[in-house]
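If you read the sequence from its start, that first residue is 1, and numbering goes on from there. These numbers come from a predicted model, not from an experiment.
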Amino acid sequence: MKKQFLLLIISVFTLSLNAQVFTEYFEDAPTNGLLEDYNNWYVSFKSSEQGGVSPQIVEEFLFYTDYAGSDKGKAVLLDSLIGQESATQRISTKVIDFGEGDTLRPVVGESMYAAFLVQILPNSKNSYRDFFTWEGSTGSSFTRGRIFAKVTGSDLQFAVSKNSSSDGVYVESDIYEGGVGSIFLLVLEYSSIDGDGNDVISLYVNPDPTKPAAEQTTILVSQDEQSDYSETTEIKINLRQRGVGANIGNIRVGRIWEDVLMEEVEEEVVDTTSVRSINTNNVLITSEYKTIVTDQPGVVEVYEFTGRRVLKSNTSGRLETSLKSGLFIVRFTDAENRISTRKININ
């Protein structure tokens, strides 16, 4: 009897033990549960930001090549119907705590970084709305660093400001044609500068996690004259339901770019010698250029022949990818948890 198994081996890489990084992957959160019932997330204390309902935890795989937080846990679904009008906006907040009460606070001359993966959904309001911010207040609202999204059909733009949402104050990205539904890596940097009203906010869009911040190319920088965070401010992050529909997850926050973006993590690898082009479950697995095609919905995992997993995603039967050209191993899991594998060629 011919057998078709994919043998998974866990290869443990060295971790940066001294890295001070906060992570929120929602790994043990109940699927479809409320964000504000999980891990000390809470609704804003400001009454005007308590409308609508809490975002939900969803089982969504978010992946970005070489990002240390990629492909971990679950995601938060922001509902585009919440916050279409100001009376229903909902702001959910989390204190950045590195453990044992060591909270993130600004330091003059240094930066802090919040990295996360986001998939903006097509039902979002078609004007700029902020969906992720730094937060300094506990009893009201004191945001300094706001990320906006704007959907036009299938096209997408991001913008950033220190606080104001006035046209001309926030800094816009180029238009990402067909960007709605794609997964983006965003990094929000707050740089504390000596003096008053001069701290700088930067947004990195799809940076290369293998390169330092100074070598990144797509950076939006905002320097509008809003008051700064003081060194006593206990920093938090906000997920904001203000008319933007999105899946957000894989959050990492810290002071050092390399620790937040490039920390080595445990990684699954495969023994490629065990893979044959035999499909015992008779599931169609093929490719059309960079699209992976299956004849049923399920979960697709893609491995290089070095054994490194480069992609994991739900699929409805056609999964668009940005994989480089070459041979890959696809591991497909159907709705009954049956596994099929096949070698495919991506052009």
Novice: Compare all side-chain heavy atoms of Ile285 with those of Ile344 and state whether any distance is below 4.5 angstrom.
Specialist: yes
Novice: Do side-chain atoms of Arg252 reach the backbone of Asp259 as a donor and acceptor pair under 3.5 angstrom?
Specialist: yes
Novice: Go through the steps for Gln20 and Asp102 under the test side chain to side chain donor-acceptor pair (under 3.5 Å), then give the verdict.
Specialist: CA-CA 10 Å; Gln20 192 180 42; Asp102 179 15; 2.4 Å; yes
Novice: With Ser227, which residues qualify under side chain to side chain donor-acceptor pair (under 3.5 Å), at least two apart?
Specialist: Arg144
Novice: By the definition side chain to side chain contact (heavy atoms under 4.5 Å, CB included), identify the one residue from Val21, Val187, Asp208 that meets it with Leu261.
Specialist: Val187
Novice: Below 4.5 Å, heavy atoms only, C-beta onward: do Asn198 and Gln223 meet side chain to side chain?
Specialist: no
Novice: With a 4.0 Å cut-off, would you call Asp130 and Arg240 a salt bridge?
Specialist: yes
Novice: Just jot down the side chain to side chain donor-acceptor pair (under 3.5 Å) partners of Arg129, sequence neighbours excluded, or say none.
Specialist: none
Novice: Classify the angle between the aromatic ring planes of Tyr128 and Phe148 as parallel (below 30°), tilted (30 to 60°) or perpendicular (above 60°).
Specialist: perpendicular
Novice: Is the number of heavy atoms from other residues, nucleotides or ligands within 6.0 Å of NZ (Lys125) greater than 12?
Specialist: yes
Novice: Go through the structure and list residues passing side chain to side chain donor-acceptor pair (under 3.5 Å) with Tyr176, not counting sequence neighbours.
Specialist: none
Novice: Mark yes or no for whether Glu336, through its side chain, and Arg338, through its backbone, hold a donor-acceptor pair below 3.5 Å.
Specialist: no
Novice: Verify the distance criterion only: is there a donor paired with an acceptor across the side chains of Tyr303 and Glu301 at less than 3.5 Å?
Specialist: yes
Novice: Do Met262 and Val260 share a hydrophobic cluster (ILVMFWY, side-chain heavy atoms under 4.5 Å, transitive)?
Specialist: yes
Novice: Please determine whether the number of non-hydrogen atoms from other residues, nucleotides or ligands lying under 6.0 Å from atom CG of Asp196 exceeds 12.
Specialist: no
Novice: Only counting residues at least two apart or in another chain, list the ones meeting ring-ring contact (aromatic ring centres under 6.0 Å, His included) with Phe22.
Specialist: none
Novice: Do Asn250 and Tyr64 have side-chain heavy atoms sitting under 4.5 Å apart?
Specialist: no
Novice: What residues form a side chain to side chain donor-acceptor pair (under 3.5 Å) with Ser70, not counting sequence neighbours?
Specialist: none
Novice: Please enumerate all residues that pass ring-ring contact (aromatic ring centres under 6.0 Å, His included) together with Phe132, with sequence neighbours excluded.
Specialist: Phe116
Novice: Is it true that the side chains of Glu24 and Asn39 contain a donor and an acceptor less than 3.5 Å apart?
Specialist: yes
Novice: Rounded to the nearest 0.5 Å, how far apart are OG of Ser161 and CG of Asp224?
Specialist: 5.5 Å
Novice: If you link I, L, V, M, F, W and Y whenever their side-chain heavy atoms are under 4.5 Å apart, who else ends up in the same group as Leu121?
Specialist: Val58, Leu77
Novice: Would you kindly confirm whether Ile292 and Tyr289 end up in one hydrophobic cluster when ILVMFWY residues are joined by side chain heavy atoms under 4.5 Å apart?
Specialist: no
Novice: Any donor-acceptor pair under 3.5 Å linking the side chain of Gln241 with the backbone of Val53?
Specialist: yes
Novice: Donor-acceptor pair, Thr88 side chain versus Gly83 backbone, under 3.5 Å?
Specialist: yes
Novice: Can a donor-acceptor pair be found, under 3.5 Å and without considering hydrogens, that links the side chain of Glu110 to the backbone of Arg255?
Specialist: no
Novice: Please confirm whether the backbone N or O of Glu49 pairs with a side-chain atom of Gln89, one donor and one acceptor, at under 3.5 Å?
Specialist: no
Novice: Using 0.5 Å steps for rounding, measure from the CZ atom of Arg242 to the OG atom of Ser86.
Specialist: 8.5 Å
Novice: Find out whether Lys150 and Ser127 are in side-chain contact, i.e. whether some heavy atom of one side chain is under 4.5 Å from a heavy atom of the other.
Specialist: no
Novice: Side-chain heavy atoms under 4.5 Å apart, restricted to Ile/Leu/Val/Met/Phe/Trp/Tyr: what other residues fall into the cluster of Phe45, or is it alone?
Specialist: Tyr42, Val95
Novice: Under a 3.5 Å threshold, yes or no: a donor from one side chain and an acceptor from the other, between Glu189 and Ser191?
Specialist: yes
Novice: Roughly how far, to the nearest 0.5 Å, is CG of Leu327 from OG of Ser287?
Specialist: 9.5 Å
Novice: Taking the side chain as every heavy atom from C-beta outward, state whether Phe131 and Val118 have any pair of such atoms under 4.5 Å apart.
Specialist: yes
Novice: For the side chain of Ser124 and the backbone of Gly245, is there at least one donor-acceptor N/O pair under 3.5 Å apart?
Specialist: yes
Novice: Just checking, any donor-acceptor pair under 3.5 angstrom between side chains of Thr93 and Asn238?
Specialist: yes
Novice: Suppose we screen for salt bridge (charged side-chain N to carboxylate O under 4.0 Å, His left out). Which residues come up paired with Glu320, at least two apart in sequence or across chains?
Specialist: none
Novice: Measure the CG-CG distance between Leu62 and Asp71 for me, rounded to the nearest 0.5 Å.
Specialist: 9.0 Å
Novice: May I ask whether Ile248 and Leu35 are part of the same hydrophobic cluster, defined by side-chain heavy atoms of I, L, V, M, F, W, Y residues being less than 4.5 angstrom apart, directly or through others?
Specialist: yes
Novice: State, yes or no, whether a side-chain contact exists between Glu172 and Leu220 at a heavy-atom distance under 4.5 Å.
Specialist: no
Novice: Looking at Gln50, I'd like to know if its CD atom is crowded, meaning that more than 12 non-hydrogen atoms belonging to other residues, nucleotides or ligands lie closer than 6.0 Å.
Specialist: yes
Novice: In terms of hydrophobic clustering (I, L, V, M, F, W, Y; side-chain heavy atoms under 4.5 Å; direct or indirect links), are Ile82 and Ile57 co-clustered?
Specialist: no
Novice: Using atom types as modelled and distance alone, determine if a side-chain donor or acceptor of Gln84 lies under 3.5 Å from a backbone N or O of Ser80.
Specialist: yes
Novice: Is Glu36 salt-bridged to Arg90, going by a charged N under 4.0 Å from an acidic O?
Specialist: yes
Novice: Any chance CD1 of Ile175 has more than 12 other-residue heavy atoms, nucleotides or ligands included, within less than 6.0 Å?
Specialist: no
Novice: Do Lys74 and Glu27 make a side-chain contact, defined as non-hydrogen atoms from C-beta onward lying under 4.5 Å apart?
Specialist: no
Novice: Check Thr232 against Arg105 and note the closest heavy-atom contact, atom names and distance.
Specialist: O-NH1, 2.6 Å
Novice: My understanding is that only residues two or more places apart in sequence, or in another chain, count here; which of them pass ring-ring contact (aromatic ring centres under 6.0 Å, His included) with Phe142?
Specialist: Tyr229
Novice: Answer whether the closest heavy-atom distance between the side chains of Leu239 and Val76 falls below 4.5 Å.
Specialist: yes
Novice: Any chance the side chains of Asp66 and Thr210 put a donor and an acceptor closer than 3.5 Å?
Specialist: no
Novice: At what distance, to the nearest 0.5 angstrom, does CZ of Arg342 lie from CG of Leu284?
Specialist: 8.5 Å
Novice: Tell me yes or no: between the side chains of Gln157 and Ser173, is some donor less than 3.5 Å from an acceptor?
Specialist: no
Novice: Distance alone, cut at 3.5 Å: any donor-acceptor contact between the side chains of Thr138 and Glu234?
Specialist: no
Novice: Got a second to check how far Leu117's CG is from Ile183's CD1, nearest 0.5 Å?
Specialist: 7.0 Å
Novice: If you apply the rule ring pair (Phe, Tyr, Trp, His ring centres under 6.0 Å), what do you find for Tyr113 with Trp257, and how did you get there?
Specialist: CA-CA 7 Å; Tyr113 302 91; Trp257 173 276; 5.7 Å; yes
Novice: Mind checking who shares a hydrophobic cluster with Ile256, ILVMFWY linked at side-chain heavy-atom distances under 4.5 Å?
Specialist: none
Novice: Let me check something: do Ile235 and Phe98 share a hydrophobic cluster, defined by ILVMFWY side-chain heavy atoms less than 4.5 Å apart, either directly or through other members?
Specialist: yes
Novice: Strictly distance-based, threshold 3.5 Å: is any side-chain N or O of Asp228 a donor or acceptor partner for the main-chain N or O of Asp199?
Specialist: yes
Novice: My understanding is that a hydrophobic cluster links ILVMFWY residues whose side chain heavy atoms are under 4.5 Å apart, including indirect links. Using that, what else belongs to the cluster containing Phe61?
Specialist: Val299
